[in-house]
Number of protein chains: 2
Amino acid sequence: MRWQPNARGRLEQAAIALYGESGFEQTTVAEIAKRAGLTERTFFRYFTDKREVLFSGSEALKTLLAEAVAGAAASASPIDAVAAGLKAVALVFSGRHEYARQRGSIIAANAELQERELIKLASLVSVVTEALRRRGVMEPAARLAAEAGIAAFHVAFERWVDQTDQKDLWPFIQETLVALKTVTAGH
Amino acid sequence: MRWQPNARGRLEQAAIALYGESGFEQTTVAEIAKRAGLTERTFFRYFTDKREVLFSGSEALKTLLAEAVAGAAASASPIDAVAAGLKAVALVFSGRHEYARQRGSIIAANAELQERELIKLASLVSVVTEALRRRGVMEPAARLAAEAGIAAFHVAFERWVDQTDQKDLWPFIQETLVALKTVTAGH
DNA sequence: AAAATGATGTCATGGACTGTCGTCGCCGGC
DNA sequence: GCCGGCGACGACAGTCCATGACATCATTTT
């Protein structure tokens, strides 16, 4: 075999390790590649940019979310369909609390990474909006339900990451959705 | 006088013009500086990066928003205080519809710019959250009201930009807030 | 066994950003 | 009025991210 297997995985591991050890800005792509036993050029064949290493999972999340929203009970209201989607997403994170925490602290330390995180969340909003539209929800309700749901998810996720007791993400999302409902009601 | 006045303004004008003419990625900082009669190095003395030119106004928006939320009637609910803040912001955009449209189309054409736009919106969320906290609103209500309000603003702003008839932004925000309330109510 | 394929390396280049230092008008103290 | 500091800018060199073009070579196909 001419090359070691799983080049992508090695790059990913090397990158996350270095981002954690030295910080995102301080680590160069050349260093990542070297630790993975590859070249800088090869890094960019697997990841479009230095940030994308930390976000490659988001594609799978999009399809999962889209399908779960689409598959919600036909009788479910828009926001409940979104909630069903978020529940499916929450399941994926069970047992990944520690990973989410590490990744979160890397991202929290760098503005560029926060930008990327936000655009990934925005792409989730798009996907959910589209799924709701297919369920027959009209604009702007579809977009707003998606925005509200993803915002709740975001807040709930941060709260979940910031504590150690509760393993499951879903209860956090549920609580947050209820709180959101209360707050938008206006009294 | 050794140099022409208003270096910053000239850079801003040059940049926006070039971004509009040739696209954001295609225009180099060297070109911008040259058109402004300055050097690349000077560009980076005024703007932290190539994108920031299009977002320098957001700082003023933050303070305006914070003060308007803080200054809302003491009896106002959290979401109404946010709405009061958004109303103040909306006023700023009266008469800037055309500018908003141009700027919006530049941003829509480039993912990096969308990332920056999103982080600026996120910073508005932070500011509003903080203002609500000072009003005595507890977490997570403060954060959620801020997220919901800014999401509504975002949606309303896009709708406002995408049409030509209605000059005022505020009615769009009002409608969107009502729609959000309906959608989060869940039926 | 020759040819196509695919993963990687090598080389070269452009462009964003940064550090450093030099220049030179301007301004305040004296 | 002279002088030294200050502020705004230019000049220059350097780093790193990112990408294109092409070479290499094991594996697979035919």
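Any value given below was found using the heavy atoms of this structure, including those in side chains, with hydrogens, waters and symmetry copies removed. Chain letters run A, B, ... following the sequence lines, proteins first and then strands; every chain starts at 1.
Residues A:T48 and B:Q4 both approach DNA chain D. Their nearest nucleotides, taken by heavy-atom distance, put B:Q4 toward the 5′ side. Take the nearest nucleotide of DNA chain C for B:D49 and for A:G37: the residue whose nucleotide is more 5' is A:G37. For A:A7 and B:F24, each mapped to the nucleotide of DNA chain C holding its nearest heavy atom, the one lying further toward the 5' end belongs to A:A7.
The side chain of A:T42 contributes an N or O atom lying less than 4.0 Å from OP1 or OP2 of C:dG9. Contact annotation: A:T28 does not reach the phosphate of D:dC16 (side-chain N/O to OP1 or OP2, under 4.0 Å).
Between the P atom of C:dG9 and the CD atom of A:E40 lies a distance of 12 Å, rounded to the nearest Å. Following rounding to the nearest Å, B:R10 (CZ) and D:dC9 (P) show an atom-to-atom distance of 8 Å. Residue B:N6 contributes atom CG, which lies 20 Å from atom P of D:dG7 at whole-angstrom precision. Per the geometry, CZ belonging to A:F47 stands 21 Å off P belonging to D:dC16, to the nearest Å. Protein atom CD of B:E112 is 15 Å distant from nucleotide atom P of D:dC17, rounded to whole Å. In this structure, the NZ atom of A:K34 is 13 Å from the P atom of C:dT10, given to the nearest Å. The distance from atom NZ of B:K50 to atom P of D:dA18 is 13 Å, rounded to the nearest whole Å. Between the P atom of C:dG15 and the CZ atom of B:F43 lies a distance of 15 Å, rounded to the nearest Å.
Heavy atoms of other residues, nucleotides or ligands lying less than 6.0 angstrom from CD of B:Q13 number 12 at most.
For the salt bridge (Lys or Arg N to Asp or Glu O under 4.0 Å) with A:E52, the qualifying choice from A:K120, A:R8, A:R45 is A:K120, the only one to do so.
A donor-acceptor contact closer than 3.5 angstrom is absent between the side chains of B:S123 and B:S126.
Below 30°, between 30° and 60°, or above 60°: for B:F93 and B:F153 the angle between ring planes is between 30° and 60°, a tilted geometry.
Of all nucleotides listed (C:dT8, D:dA18, C:dT18), C:dT8 comes nearest to the side chain of A:Y46. Listed nucleotides D:dC9, C:dC17, D:dA18 differ in distance to A:F44; the shortest reach to its side chain belongs to D:dA18. Checked against C:dG9, C:dC17, D:dA8, the side chain of A:L38 finds its nearest nucleotide in C:dG9. For B:R2, the side-chain atoms get nearest to C:dC24 when compared with the rest of C:dC24, D:dT19, C:dG9.
Nearest heavy atoms, B:R103 versus B:L54: NE-O, 2.9 Å.
You won't find any donor-acceptor pair under 3.5 Å spanning the side chain of A:R41 and the base of C:dT8, going by distance alone. Taking only distance into account, the side chain of B:R45 never meets the base of D:dG7 through a donor-acceptor pair shorter than 3.5 Å.
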